Structure formats: structure tokens, C-alpha cells
Student: 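Have a look at this one.
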Amino acid sequence: DGVYAETMQQRVIPALERFGPDALLVSAGFDAASADPLAQMEVSTEGFRMVAQALRGFADDRLDGRLLTLLEGGYDLRALSEGVGVYLETMLD
């Protein structure tokens with residue numbers, strides 16, 4: 001989660017600020033979950049929450065909340081369910 005948090009704050013958000021989009025389109029995949037059998041990225045449920053918070057914060061601060069999310073994959077159904085749950089919770093909060 002630490003690498004994801006650092007990357008979001010030091011690379012992704014600054015790149016979005018430089019690009020200056022009118023809206024944000026998020027391809028929300030959860031195959032980076034620690035329980036996923038394929039990716040081995042080791043992201044926890046709280047890690048997905050942190051990513052969602054960073055994206056939502058950017059959209060709220062810079063884009064008047066214009067953010068569209070498309071659900072992608074994940075190969076562990078429990079991890080997918082938990083990841084989608086915290087993502088939606090964060091977006092709807």
C-alpha cells in the first residue's frame with residue numbers, strides 16, 4: 001500500500017494536474033488485491049480506499065466532481081467484493 005500511496009501523491013496526482021483534464025475516467029480494476037491469484041501486487045482493501053480517496057479528492061478539487069468509473073476485473077471474488085465496496089463507499093461518501 002505504501003508504494004501505491006507514494007505513487008498516487010508523487011506521480012499520478014501531479015501528472016493529472018499538469019494534464020488538466022475536464023473529467024476523470026477511472027478504470028477500476030481490483031486484480032492488484034493481495035488475495036488475487038494473478039497479479040501479486042499485494043494491495044489491501046485499505047489501499048484501494050486510499051486510491052479512491054486520492055482520485056475523488058482530485059475530481060472534487062479540480063473537476064467539480066466530474067468522475068466516471070468503469071468496473072474492471074479481479075480474480076478473487078472476496079477481494080473484488082471488498083475492493084468494490086470500499087471504492088463505492090468512498091465515492092458516495
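Bear in mind that the values here come from a model prediction, so they are computed numbers and not experimental data.
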Student: Can you name the nearest heavy-atom pair linking M8 to L55, along with the distance?
Tutor: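 Nearest pair, atom of M8 first, then L55: CE-CD2, 3.7 Å.
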
Student: Which residue pairs pass the salt bridge (charged side-chain N to carboxylate O under 4.0 Å, His left out) test with at least one member in residues 63-87, sequence neighbours excluded?
Tutor: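 Those involving residues 63-87 are D64-R66, R78-E82.
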
Student: Could you work out, with salt bridge (charged side-chain N to carboxylate O under 4.0 Å, His left out) as the rule, every residue matching E42, not counting sequence neighbours?
Tutor: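 Applying salt bridge (charged side-chain N to carboxylate O under 4.0 Å, His left out) to E42 gives none.
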
Student: What do the steps show when you test M41 against D36 for side chain to side chain contact (heavy atoms under 4.5 Å, CB included), and what is the final call?
Tutor: CA-CA 8 Å; M41 300 296 285; D36 193 276; over 6 Å; no

Student: Which heavy atom of D31 sits nearest a heavy atom of A39, and at what distance?
Tutor: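 Heavy atoms of D31 and A39 come nearest at O-CB, 3.0 Å.
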
Student: Keeping to residues at least two apart or across chains, list the ring pair (Phe, Tyr, Trp, His ring centres under 6.0 Å) pairs with something in residues 48-93.
Tutor: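 Every pair satisfying ring pair (Phe, Tyr, Trp, His ring centres under 6.0 Å) with a residue in residues 48-93: F30-F48.
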
Student: Does any non-hydrogen side-chain atom of L67 lie less than 4.5 Å from one of V26?
Tutor: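 Result yes, sub-4.5 Å side-chain heavy-atom pair found.
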
Student: If two hydrophobic side chains count as joined below 4.5 Å and joins carry through other members, does L88 share a cluster with V43?
Tutor: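 In one cluster: yes.
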
Student: Could you list the residues that satisfy side-chain contact (heavy atoms from CB on, under 4.5 Å) with L77, not counting sequence neighbours?
Tutor: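 For L77 the side-chain contact (heavy atoms from CB on, under 4.5 Å) partners, ignoring immediate neighbours, are L80.
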
Student: Using the rule that two of Ile, Leu, Val, Met, Phe, Trp, Tyr join whenever any of their side-chain heavy atoms come within less than 4.5 Å, decide whether V3 and V51 are in one cluster.
Tutor: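 No; tracing contacts between hydrophobic side chains, which count when under 4.5 Å, never links both residues.
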
Student: Can you see which heavy atom on A33 is nearest to which on A79, and at what distance?
Tutor: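 Distance-wise, the nearest heavy atoms are CB-CB, 3.6 Å.
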
Student: Take M50 and D1 through the test side chain to side chain contact (heavy atoms under 4.5 Å, CB included) and record every step on the way to the result.
Tutor: CA-CA 9 Å; M50 178 278 312; D1 291 350; 5.9 Å; no

Student: If a pair satisfies salt bridge (charged side-chain N to carboxylate O under 4.0 Å, His left out) and one of its residues is in residues 5-26, list it, with sequence neighbours excluded.
Tutor: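 The answer is E17-R62.
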
Student: By the ring pair (Phe, Tyr, Trp, His ring centres under 6.0 Å) test, which pairs, at least two apart or in different chains, include something from residues 6-28?
Tutor: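 Residue pairs passing ring pair (Phe, Tyr, Trp, His ring centres under 6.0 Å), neighbours aside: none found.
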
Student: Sequence neighbours excluded, which residues qualify as side chain to side chain donor-acceptor pair (under 3.5 Å) partners of D61?
Tutor: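 Applying side chain to side chain donor-acceptor pair (under 3.5 Å) to D61 gives none.
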
Student: Nearest heavy-atom pair of A54 and I13: which atoms, and what distance?
Tutor: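 Closest approach of A54 to I13: O-CD1, 3.8 Å.
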
Student: What residues form a salt bridge (charged side-chain N to carboxylate O under 4.0 Å, His left out) with D60, not counting sequence neighbours?
Tutor: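 Result, salt bridge (charged side-chain N to carboxylate O under 4.0 Å, His left out) vs D60: R56.
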
Student: Under the rule for salt bridge (charged side-chain N to carboxylate O under 4.0 Å, His left out), what residues qualify as partners of E46, not counting sequence neighbours?
Tutor: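 Testing E46 for salt bridge (charged side-chain N to carboxylate O under 4.0 Å, His left out), a comparison that skips the adjacent residues, returns R49.
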
